[in-house]
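Encoded as structure tokens, the structure appears first; notes follow it.
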Amino acid sequence: MNIQEALAQKVKEAVTSIFKVELPTVEFQPTRKDFAGDITAVIFPMLRYVKGNPVQIGGQIGQFLKDEVEEVTDFNVVKGFLNITISNEYYLDFFEGIRNQQDFGFVSQSSEEAIMVEYSSPNTNKPLHLGHVRNNLLGYSVAEILKASGKKVYKTQIINDRGIHICKSMLAWQRFGNGETPESTGLKGDKLVGNYYVAFDKAYKAEIAAMVSNGVDEKVAEKEAPILLEAQEMLRKWEAGDEEVVGLWKTMNQWVYDGFEITYKNMGVDFDQLYYESNTYLLGKDFVEDGLQRGVFYKKEDGSVWIDLTEEGLDEKIVLRSDGTAVYMTQDIGTAIQRVKDNPDVKGMVYTVGNEQDYHFKVLFLILQKLGFSWAEKLYHLSYGMVDLPSGKMKSREGTVVDADELMEDMTQTAAAISEELGKLEDYSEEEKQELYKVIGLGALKYYILKVDPKKRILFNPEESVDFQGNTGPFIQYTYARIQSILRKAEELEQDLDSSQKLTDLHEKEKELLKQLQLFPETIQLAADNYSPALIANYTYDLVKEFNSFYQNVSILGEQDQNKKIFRVQLAKKVSEVIKSAFGLLGIQVPDRM
RNA sequence: GGUGGCAUAGCUCAGCUGGAUAGAGCACCUGCCUUCUAAGCAGGCGGUCCUAGGUUCGAAUCCUAGUGCCAUCACCA
């Protein structure tokens with residue numbers, strides 16, 4: 001039982017004893033910094049049960065607590081707020097309890113029930129861009145947070161490897177490629193394929209322009225441009241299993257996968273299972289048929305199959321075309337079911353997909369529920385806001401995207417420039433330096449994106465570089481590095497850093513740090529419940545800010561009293577461990593020096 | 001037009017189930033490096049919490065209406 005629960009119990013006892021009434025709940029909040037105390041009980045809500053003056057009531061309860069509760073050493077009442085001071089012993093005991101707990105804050109896996117987290121899921125016709133970066137970072141982080149909260153997690157993605165988009169790149173490569181390969185050009189495979197996607201669009205636009213100048217209506221030209229018709233023909237050939245087309249498709253997709261692998265590795269994300277649309281796009285039809293039998297769906301006269309969701313406040317939605325082919329929804333139904341078949345322990349899924357698809361997922365989840373799958377009750381669309389540029393939306397075809405590889409490289413460069421200027425790493429080898437710059441640059445980028453509430457839109461201005469000061473990744477990494485420096489020095493000085501010392505007094509800054517450490521476990525839980533890495537980021541920032549204040553105001557290694565000195569080193573160490581754990585949940589590494 | 005999301009300091013963002021004088025960072029201004037890393041610390045400046053009603057002892061937070069921005073509503077993905 002934590003101190004707050006214990007106090008709630010005691011406050012109820014106090015009210016029963018003094019005022020002879022039962023209090024259902026007690027409301028607490030952390031005491032504001034400008035008042036004395038650690039925890040504050042709010043008196044106002046009690047006035048419904050206890051008639052009287054809030055200050056007087058607060059005073060009586062406060063006195064009761066001080067007399068009856070060992071941990072309560074003092075109190076004061078301001079307006080309707082009872083500020084309670086908790087003893088140093090309580091906080092010191094708490095610290096002693098977590099000091100050697102390696103996985104402090106983490107819950108060990110509590111059941112065999114698994115949850116599947118899908119993220120990334122790119123198309124294979126172009127490189128990853130900033131929008132994918134947000135998706136990847138969010139999905140990865142939420143998966144890690146869920147694990148830390150005690151869930152068994154599978155990370156997965158569905159790779160959109162088939163369809164008209166990849167045919168466009170293939171066709172353009174056939175026409176204009178002159179047999180280029182990643183090897184012959186030295187380009188990353190995804191970049192090469194992406195170039196042909198752009199080339200297709202250029203040729204397509206040129207054809208439209210030519211047709212329009214010959215008097216063809218623009219709408220008609222957009223639909224009948226020869227190159228587009230040819231791409232559509234190619235897709236039909238692919239579906240028919242045409243050897244040449246399928247061969248080219250395999251080759252070009254492999255180029256893309258090789259390129260993606262490098263990007264994922266640099267980004268530091270990974271997957272437990274991969275699903276390919278080319279394997280799943282035919283799935284789902286049987287279940288539509290089954291649902292049709294059971295009256296979940298209905299058939300229109302032309303043979304197309306629909307679901308009526310007007311009772312749920314949505315529209316009618318098609319689930320199978322009149323020619324019997326699958327639409328996206330059909331496929332998503334099939335894929336979800338397939339995943340549970342492959343992994344019977346999966347009892348829920350998280351889909352990391354942009355908020356432009358909110359409607360799609362509402363419908364998908366409803367359909368799966370109506371089909372009667374038990375796990376359909378535990379599907380969650382991790383919907384996030386778009387990443388926009390000052391110029392508006394990013395568009396691959398128009399080349400207005402922020403490329404993921406370039407962005408990461410730029411961040412590394414910036415980190416290098418700042419580090420060189422500060423010049424604290426003269427004795428590092430070139431290799432060590434490069435490794436470090438990457439850690440810092442990526443830390444800045446990841447933190448910048450993850451600290452924002454997922455559902456909010458991010459406006460990214462490439463002209464203004466991501467900050468390295470203030471509420472940033474490098475600031476937090478810097479604090480970690482500082483603590484490591486202290487620990488290295490302390491090792492040299494002390495023999496018995498692990499001894500547990502009996503202290504009685506605590507510096508105000510030490511107490512604040514301990515309070516902040518205490519919040520870590522519940523923060524992980526909250527972040528898991530809300531699928532929000534931003535909560536972890538904000539917590540870590542608060543912890544680090546508190547530590548820096550402590551660091552700058554209180555001497556650690558310079559402390560004369562041995563016991564205090566050892567305690568402070570241990571406290572600093574614990575703070576650095578929590579920073580590392582928390583950043584691990586965000587997929588951010590921490591450096592020993594910087 | 002229907003539906004959903006968002007709106008807090010010049011800029012970027014916090015603000016948990018309603019609670020004290022709405023908090024950080026950047027930018028701007030003052031101090032602090034012969035003692036543990038100044039990517040730091042201490043402080044200053046800066047707000048009609050989009051607007052108007054309502055619920056409440058109490059509203060940035062909940063409800064209603066409106067305004068603005070974004071998304072979505074296809075036998076597209």
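In what follows, chains are A, B, ... by sequence order, proteins preceding strands, each numbered from 1. Values below: all heavy atoms of this structure, side chains included; hydrogens, waters and symmetry mates excluded.
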- Query: Less than 3.5 Å between a donor and an acceptor, one on the side chain of A:Asn548 and one on the base of B:A39, is that the case here?
  - Reply: no

- B:A24 versus B:G46 - spacing of their P atoms, nearest Å: 15 Å

- Item | Proximity of A:Tyr380 and A:Tyr531 rings by center, below 6.0 Å | yes

- Note on the structure: With the side chain defined as heavy atoms from C-beta on, A:Lys455 is closest, among B:C41, B:A20, B:C6, to B:C6

- Item | Exam field: side chain A:Asn160 to backbone A:Ser121, donor-acceptor pair closer than 3.5 Å | yes

- Could you tell me whether the side chains of A:Asn471 and A:Tyr447 share a donor-acceptor contact shorter than 3.5 Å? yes

- Query: Rounded to whole angstroms, how far apart are CG on A:Asp453 and P on B:G15?
  - Reply: 7 Å

- Task: With the side chain counted from C-beta on, respond yes when A:Ile57 and A:Leu47 share a heavy-atom pair under 4.5 Å apart, and no when they do not.
- Result: yes

- Message: Distance check needed: B:G18 P versus A:Phe28 CZ, whole Å only.
- Response: 17 Å

- Would you call B:C45 syn or anti, using the 90° rule around 0? anti

- Length of the line joining A:Glu421:CD and B:A39:P, which is rounded to integer Å: 10 Å

- Of the candidate nucleotides B:C76, B:C36, B:G19, which contains the atom at the shortest distance from the side chain of A:Arg321? B:C76

- Message: Can you identify which nucleotide, out of B:A77, B:A20, B:G19, has its nearest atom closest to the A:Asn83 side chain?
- Response: B:A20

- Taking a pair as Watson-Crick or G-U wobble with both distances under 3.5 Å, which nucleotide is matched to B:U67? B:A7

- Message: Taking only the P atom of each, what is the distance from B:A27 to B:G23 in whole angstrom?
- Response: 22 Å

- Task: Please determine if a side-chain N or O atom of A:Lys424 lies less than 4.0 Å away from the OP1 or OP2 oxygen of B:A39.
- Result: yes

- Tell me the partner of B:U72, counting only Watson-Crick (N1-N3 plus N6-O4 or O6-N4) or G-U wobble (N1-O2 and O6-N3) with both under 3.5 Å; none if nothing fits. B:G2

- Query: How long is the line joining CE of A:Met329 and P of B:A74, in whole Å?
  - Reply: 11 Å

- Item | C1' gap between B:G66 and B:U21, integer Å | 31 Å

- Would one find a side-chain N or O of A:Lys79 under 4.0 angstrom from OP1 or OP2 of B:G19? no

- Message: Does this structure show an ion pair linking A:Lys509 with A:Glu546, if we count only N-O contacts that are shorter than 4.0 Å?
- Response: no

- Note on the structure: Closest to the side chain of A:Leu526, out of B:C26, B:C16, B:A77, is B:C16

- Item | Closest to side chain of A:Gln29, choosing from B:C26, B:C13, B:A20 | B:A20

- Atom C1', compared across B:A74 and B:G68: separation rounded to whole Å: 28 Å

- P-based separation of B:G5 from B:C63 [nearest Å]: 10 Å

- For B:C45, the Watson-Crick or wobble counterpart (both distances under 3.5 Å): none

- Between the side-chain atoms of A:Thr472 and the base atoms of B:A39, is any donor-acceptor pair under 3.5 Å? no

- A:Val327 side chain: which of B:A77, B:A39, B:C6 is closest? B:A77

- Evaluate the ring planes of A:Tyr448 and A:Phe460, with Trp represented by its six-membered ring, and classify them as parallel (under 30°), tilted (30 to 60°) or perpendicular (over 60°). perpendicular

- Message: So A:Ile440, base contact, sugar-phosphate only, or nothing? Heavy-atom distance under 4.0 Å.
- Response: base

- Can A:Tyr551 be said to stack with the base of B:G40, given centres closer than 5.5 angstrom and planes under 30 degrees apart? no

- Residue pair A:Ile458/A:Met594 against RNA chain B: nearer the 5' end by closest nucleotide is A:Ile458

- Message: Side-chain N or O of A:Arg482 versus OP1/OP2 of B:A39: is the shortest distance under 4.0 Å?
- Response: no

- For RNA chain B, whose closest nucleotide is more 5', that of A:Asp34 or that of A:Glu277? A:Asp34

- Query: Between A:Tyr478 and A:Phe475, is the gap from one ring center to the other below 6.0 Å?
  - Reply: no

- Message: Check the phosphate of B:A77 against A:Tyr328, side-chain N and O only, distance under 4.0 Å to OP1 or OP2. Yes or no?
- Response: no

- Nearest-Å distance for atom pair CE/P, residues A:Met411 and B:A39: 17 Å

- Task: Determine the interatomic distance between P on B:G47 and the same-named atom on B:A22; round to the nearest Å.
- Result: 12 Å

- Under 5.5 Å between ring centres and under 30° between planes: does that hold for A:Phe81 against the base of B:G19? no

- Query: Closer than 4.0 Å, any side-chain N/O of A:Ser485 to the OP1 or OP2 of B:C36?
  - Reply: no

- Task: Please report, rounded to the nearest Å, how far the C1' atom of B:A74 is from the CD atom of A:Glu222.
- Result: 16 Å

- Query: Base, sugar-phosphate, or nothing: which does A:Val569 touch, judged by heavy atoms less than 4.0 Å apart?
  - Reply: nothing

- Taking atom types as modelled, is there a side-chain donor on A:Thr40 or A:Asn83 under 3.5 Å from an acceptor on the other? yes

- Task: Rounded off to whole Å, could you give me the CG-to-P distance for the A:Leu47 and B:U56 pair?
- Result: 16 Å

- Item | Near-ring test A:Trp249/A:Tyr276, centroid separation under 6.0 angstrom | no

- Message: Under 4.0 Å, counting only non-hydrogen atoms across every strand here, what does A:Glu522 touch: a base, just sugar-phosphate, or nothing?
- Response: nothing

- Task: Answer yes when A:Asp592 and A:Arg488 have at least one side-chain N-carboxylate O distance shorter than 4.0 Å, and no when they do not.
- Result: no

Between the protein and nucleotides 67-72 of chain B, list the N/O to N/O atom pairs that are separated by less than 3.5 angstrom.
none

- Please determine if a side-chain N or O atom of A:Arg48 lies less than 4.0 Å away from the OP1 or OP2 oxygen of B:U56. no

- Message: Taking the ring centre of each residue, are A:Tyr49 and A:Phe19 less than 6.0 Å apart?
- Response: no

- Note on the structure: Partner of B:A14 under the Watson-Crick or G-U wobble criteria, both distances under 3.5 Å, comes out as none

- Item | Separation of the C1' atoms in B:U3 and B:C45, to the nearest angstrom | 44 Å

- Message: Taking the minimum atom-to-atom distance to the side chain of A:Phe44, which one of B:A7, B:U37, B:C57 wins?
- Response: B:C57

- Message: Side chain of A:Lys489, heavy atoms from C-beta onward: which of B:U37, B:A24, B:A14 has the nearest atom to it?
- Response: B:U37

- Query: Between B:C36, B:G25, B:G40, which one does the side chain of A:Asn471 approach most closely?
  - Reply: B:G25

- What is the base-pairing partner of B:U35, counting Watson-Crick and G-U wobble geometry with both distances under 3.5 Å? none

- Task: Have a look at A:Asp332 and say if it touches a base, only the backbone sugar-phosphate, or nothing, with a 4.0 Å heavy-atom cut-off.
- Result: nothing

- Message: I'd like to know if A:Arg162 and A:Glu239 make a salt bridge, using a cut-off of under 4.0 Å between side-chain N and carboxylate O.
- Response: yes

- Message: For the P atoms, the ones on B:U30 and on B:U35, what distance do you get once it is rounded to whole angstrom?
- Response: 24 Å

- Task: Considering just the side-chain nitrogens and oxygens of A:Ser549, establish if one lies under 4.0 Å of OP1 or OP2 belonging to B:A42.
- Result: yes

- Message: Looking at A:Lys545, I'd like to know whether one of its side-chain N or O atoms comes within less than 4.0 Å of OP1 or OP2 on B:C41.
- Response: no

- Whole-Å distance, A:Arg32 CZ to B:A24 C1', equals 14 Å

- Write down the partner of B:A27 under the Watson-Crick or G-U wobble criteria, each distance required to be under 3.5 Å. none

